[in-house]
**Q** 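Shown below is the structure under consideration.
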Amino acid sequence: MPIHQTLQTAHVPVSLWTDDVDDASRQQLSNIASLPFVHHHVAAMPDVHLGIGATIGSVIATHRAIVPAAVGVDIGCGMLACRLSLAAGQLDEKTLQRVFDQISRDVPVGRAQYDDADVQADAARPFAAGLRAILDKHPAVQKGMGRFSKWVNQLGTLGGGNHFIEVCLDEADQVWIMLHSGSRGIGNALASHFIELARRDMERQQIQLPDRDLAYFREGSAMFDDYVEAVHWAQAYALANREAMRARVLAALERHLPPFVVTGEVVNCHHNYVAREHHYGADVWVTRKGAIRAGVGELGIIPGSMGARSYIVRGRGEAASFCSSAHGAGRQMSRNAAARSFTEADLRKQTAGVICRKDRGVIDEIPAAYKDIDTVMEHQRDLTEIVHTLKQVVCVKG
C-alpha cells in the first residue's frame with residue numbers, strides 16, 4: 001500500500017513515500033529543507049538514497065534560486081522506451097545473442113565514443129551554436145572536458161555506470177527497447193564547472209551552508225542565467241543522445257529480426273533535471289534528482305535493476321509530490337560494497353534468463369545492490385499507475 005510520511009524540519013517539512021530511509025539520507029533531506037528559498041516542502045520518492053549534496057530521489061521546489069549539485073553531474077540523465085511490432089515467439093536465444101553482440105559493436109559504451117568518420121553530424125548540428133556561446137563565456141569548461149572534447153563524437157553513446165540498453169518483453173509478450181543515458185562527458189563538464197562556481201560564490205559572500213554541495217545561484221545574477229543556459233543545453237543534448245541511440249539500436253535489431261515498426265508513443269523522459277513549473281500558488285524552479293515528472297496522464301519509465309522488472313507508468317498528478325514519482329529501484333548498497341559482497345556466481349544467478357555481461361566488471365550493478373522495484377511501486381501507487389510491465393531478455397551495460 002502507499003506510504004506517505006512527514007519529516008518535520010526547522011524550515012519546511014519533508015514528505016516521504018517510504019519508510020526505508022537511512023540516517024545519512026534523512027540528514028541530507030533535512031539539510032535541503034533548511035535552505036531559505038525552498039518552497040512549501042521537499043518531496044522524497046520511494047527510491048530515495050544518499051547523493052552528493054542532495055539525496056537521489058528528491059524533488060525540490062525553489063524560489064528564485066537553483067542548487068546545481070541538486071540537478072547532479074549527469075544533467076538530463078533519463079530513459080527512453082518504445083514498443084515494436086514483434087512478439088516473443090519471433091525471438092530465440094541465438095538470435096538474441098546476435099542482437100546483443102550487434103548492439104555492443106554499434107553503440108559505444110563506457111568511455112568509448114564514435115570515430116570522426118562515424119559521428120551523427122546531422123543530429124549534433126543544432127547544438128553547435130548554443131554550446132559555442134556557453135564556452136565563449138566559460139572557456140574553463142573546454143579544459144574540463146579532457147578526452148571528451150569532441151562532444152559531437154559522444155552523441156548517441158551510452159556511457160558507463162548504471163546506463164544500459166535493453167530488449168524487453170511486456171505483459172503481452174510484445175517486444176520493447178529501453179535505454180538509460182544522459183548528457184555524457186560534456187554534461188558532466190558543464191555541471192562540474194558550475195557546481196564549483198557556486199561553491200566559490202558562497203565562499204565569496206561568506207554564506208554558511210549545512211553542506212558545501214548545496215551551494216546555489218540566486219536568480220538575477222549573471223551566473224544564474226549562465227547556468228540555466230547551460231543546463232537547458234545539456235538537457236536537450238541528453239534527449240537527443242537517447243534518440244540517436246534509439247536509431248542505432250533499431251538498426252542493429254533490423255539486421256537480425258523479422259521486419260518491424262515502432263508502435264505507439266516513444267517515451268523519452270529526464271530524471272536528473274530542473275524546470276520552471278507552478279506549484280502551491282507560485283512559479284518555482286523544480287529540481288528532480290532521481291525522479292521523473294508524473295503529471296496527470298504523462299507517461300514515464302521506472303526501471304528496475306539489471307535482471308528485474310521495469311515499468312511504463314502514467315502519472316496521477318499528485319500535488320504533494322510536485323507531480324513526480326520515483327525514477328527506479330534506487331541503490332541500497334554502494335558500488336564498492338556490492339563488489340565486495342557478491343561473486344560472479346551470484347550475478348549469473350540473479351540475471352538468469354538475461355543475455356548480458358556476467359563478469360566481475362559489472363558486479364556493482366547486481367540486482368541485490370538495489371532496492372526491490374515492486375516495493376518501490378507499491379509505495380507510490382498514489383503517484384503513478386502501471387501501464388506496462390517489462391522484463392529484459394537482453395541487457396547491454398555501460
**Q** Determine whether Val107 and Thr157 satisfy the following criterion, side chain to side chain contact (heavy atoms under 4.5 Å, CB included), listing intermediate values before the conclusion.
**A** CA-CA 6 Å; Val107 180; Thr157 65; 5.5 Å; no
**Q** Hey, mind stepping through Leu16 and His4 against side chain to side chain contact (heavy atoms under 4.5 Å, CB included) and telling me if it holds?
**A** CA-CA 6 Å; Leu16 302 105; His4 190 186; over 6 Å; no
**Q** Within the 3.5 Å criterion, strictly below it, is a donor on His138 or His193 matched to an acceptor on the partner's side chain?
**A** yes
**Q** Donor-acceptor pair, distance only, cut-off 3.5 Å: does the side chain of His180 make one with the backbone of Glu166?
**A**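 Flag not set: sc His180 to bb Glu166 has no pair under 3.5 Å.
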**Q** Please report whether the ring centroid of Phe224 lies less than 6.0 Å from that of Tyr216.
**A**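 No.
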**Q** Check whether Asp47 reaches the backbone of Lys371 with its side chain - one donor and one acceptor, N or O, closer than 3.5 Å.
**A** no
**Q** Relative to Trp285, does Arg276 satisfy both conditions: NZ or CZ under 6.0 angstrom from the six-membered ring centre, and within 45 degrees of the ring's axis?
**A** yes
**Q** Looking at Arg199 and Glu203, is any side-chain nitrogen of the basic one under 4.0 Å from a carboxylate oxygen of the acidic one?
**A** no
**Q** Would a distance-only check, ignoring hydrogens and angles, find a side-chain to backbone donor-acceptor pair under 3.5 Å from Thr55 to Gly51?
**A** no
**Q** Not counting sequence neighbours, which residues clear side-chain contact (heavy atoms from CB on, under 4.5 Å) with Arg98? List them please.
**A**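 Testing Arg98 for side-chain contact (heavy atoms from CB on, under 4.5 Å), a comparison that skips the adjacent residues, returns Lys94, Thr95, His256.
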**Q** Applying salt bridge (Lys or Arg N to Asp or Glu O under 4.0 Å), name anything that partners Glu318, two or more places apart in sequence or on another chain.
**A** none
**Q** Does Ser58 use its side chain to pair, donor to acceptor, with the backbone of Ala54 at less than 3.5 Å?
**A**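 Pair absent, no side-chain N/O of Ser58 close to backbone of Ala54.
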**Q** Determine yes or no for a side-chain-to-main-chain donor-acceptor pair under 3.5 angstrom, with Arg360 supplying the side chain and Ala339 the backbone.
**A**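 Checking the backbone N and O of Ala339 against the side chain of Arg360, a donor-acceptor pair under 3.5 Å is found.
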**Q** If you measure only the distance, is there a donor-acceptor pair under 3.5 Å linking the side chains of Asp346 and Gln350?
**A** no
**Q** Do any pairs count as a side-chain hydrogen bond (donor to acceptor under 3.5 Å, both in side chains) and have a residue in residues 227-240, sequence neighbours left out, and if so which ones?
**A** Lys137-Glu229
**Q** Taking the side chain from Asn272 and the backbone from Cys77, do they hold a donor-acceptor pair closer than 3.5 Å?
**A**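 The answer is no, because no donor-acceptor pair under 3.5 Å joins these two groups.
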**Q** Measuring from atom OG1 of Thr9 to atom CG of Asn31, what distance do you get when rounded to the nearest 0.5 angstrom?
**A** 10.0 Å
**Q** Counting distance only, does the side-chain N/O of Lys397 pair as donor-acceptor with the main-chain N or O of Gly361 below 3.5 Å?
**A** no
**Q** Is any side-chain N of the basic residue among Glu298 and Arg314 closer than 4.0 Å to the acidic one's carboxylate O?
**A**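 No, this pair does not count.
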**Q** Is the shortest distance from a Lys or Arg side-chain nitrogen in Arg83 or Glu265 to a carboxylate oxygen in the other one below 4.0 Å?
**A** no
